[in-house]
Amino acid sequence: MKNFCRVFLFVALAFPLLLNAEEYVAIYDEAKIPAYELPDPLVFENGERVVSAADWAKRRAELMELFETHVYGKTVLGRPDEMRFETTKEPVPFLDGKATLSEIRIHFTDGEGPFLDLLLIKPKEIPEGGVPTFVALNFRGNHSIHPSTEISLSKSWVTENSKDRKLGVVLENRATEKARGFRGSRWPVEKIIDGGAALATFYYGDIDPDFHDEFQNGIHQLTGVPSADEWGSIGTWAWAASRVRDFLEEDADIDQNRVAVFGHSRLGKTALWAGAQDERFSLVISNNSGCGGAALSRRRIGERVSRINTSFPHWFCRNFREYNEEEAELPVDQHMLITLIAPRMVYVASAVGDTWADPKGEFLSAKHAGPVYELLGKSGVGVESQPDVHEPVGGTVRYHVRAGEHDVTDYDWEQYLKAIHDIPVKK
Ligand code: GCU
């Protein structure tokens, strides 16, 4: 018995160690970052300098193609001819009558096909010129943002982890009634309405469920398996944000000059890529987007390209894997993604405790996008080094780092509300 116990103890202790042998070891020590040189957004691939706005338009096209080919993949679908909007819930009073809530199903085919369910919450009183609006991707279904039973419970596939099972919010990858509002802390809907903005949110899994199935489900049913330089899931989610933007174009209540795209984490990466491609987003908000989002890949702090491509092989295009241990070979880095948004507003936000996403790397991207903004007569972050906690900086390119962990908090939303009202009115 004694021996059995010994063997048992040995196996119990050694097994996790053996498993860990292959485990990814993240670097958090700045001193361990190898020397790197960032590619210059203001130098063409042939070495010539960009000196005017006209030059920039050409350089921007060059950079767009590089991101499409090497990072996110080409967006292989436009606005489908068959796309149609079905109002599935006519506006009803919401938040004690100070808002209205409606639901729209955006169909991408004229049959059953893939669709997304949009939840639209607007202030009851629409100001002249329309209401500024956040197009926001959510992780867990529209019902997860607020407990109201007016919001339809998503029937789509949702992630299920042990925490969800304990809470009873997901059962066999479907949301339960208990899931209503369970992510409410990230969605201060009343604050958004009181702050004079509308919220247009949708569940990203409606477009492409977030697991790797070799691109069979979701919108891939319409486009087939992507080739090495064609979109991964991030590309599909970004595409969906543009289809929501199409819908909003037809709504007279929306201030068409002030529509932002917002996302957190993997959806922050998505927001940046959506905003880079679709110039109808006049403010692009990246909340804690990290690797493959705002963080500079060449710093290799926290999550690296190799790790993200291994854990999430479906997010980026296959070509991105070529850079797994070779960040320095990338023809771009993530500051250039931000330059694609210029001269429009962009907000990069970090959290001190979110070291996996490399808060300093997120700041540096925002900072190094500055020269392009300046060339176009706009302002960058306006500071040399990362500001202190809760000290937002910048003009057209904004940045803050808040206390706390990887999350979305009221503090973040307060800054985004200020930003959306600061979007310059087009003359
Ligand atoms: C993981 C992943 C990140 C991602 C995050 C999220 O942590 O490594 O890249 O941003 O999930 O989306 O929550």
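First listed ligand is number 1; within each ligand, the first listed atom is number 1.
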**Q.** Sub-4.0 Å heavy-atom contact, R307 with ligand 1
**A.** no

Q: Using distance alone, determine whether S265 and ligand 1 share an N or O pair under 3.5 Å.
A: yes

Q: Taking only Lys NZ, Arg NE, NH1 and NH2, and the carboxylate oxygens of Asp or Glu, determine whether K155 and D117 approach each other closer than 4.0 Å.
A: no

Q: State the atoms of ligand 1, each with its element, that fall below the 4.0 Å cut-off from a heavy-atom position in R266.
A: 5 (C), 6 (C), 10 (O), 11 (O), 12 (O), 13 (O)

Q. Between F94 and H146, is the gap from one ring center to the other below 6.0 Å?
A. yes

**Q.** H314/F215 aromatic ring centres below 6.0 Å
**A.** no

Q) Would you call K367 and E384 a salt bridge, using N to O less than 4.0 angstrom? A) yes

Q | Residue I308 vicinity, atoms of ligand 1 by number, heavy atom under 4.0 Å | A | 9 (O)

Q) Should the pair Y416 and Y347 be assigned to parallel (<30°), tilted (30 to 60°) or perpendicular (>60°) ring geometry? A) perpendicular

Q | ligand 1 atoms in contact with K269 (distance to a heavy atom under 4.0 Å) | A | 3 (C), 4 (C), 9 (O), 10 (O)

Q) Just going by heavy-atom distances, which of H406, H264, E303 is nearest to atom 9 (O) of ligand 1? A) E303

Q: Give the residue and atom name of whichever protein heavy atom lies nearest to atom 7 (O) of ligand 1, and the separation in Å to one decimal.
A: W356 NE1, 3.3 Å

Q. Looking only at atom types and distance, does a side-chain atom of R245 sit under 3.5 Å from a main-chain N or O of V259, one as donor and one as acceptor?
A. no

Q.
Only heavy atoms of W315, strictly under 4.0 Å: list the atoms of ligand 1 that pass.
A. 4 (C), 9 (O)

Q: Considering only NZ, NE, NH1 and NH2 on the basic side and carboxylate oxygens on the acidic side, decide whether D358 and R299 come within less than 4.0 Å.
A: yes

Q. Of all the atoms in ligand 1, which lie at a distance below 4.0 Å from a heavy atom belonging to F139?
A. 12 (O)

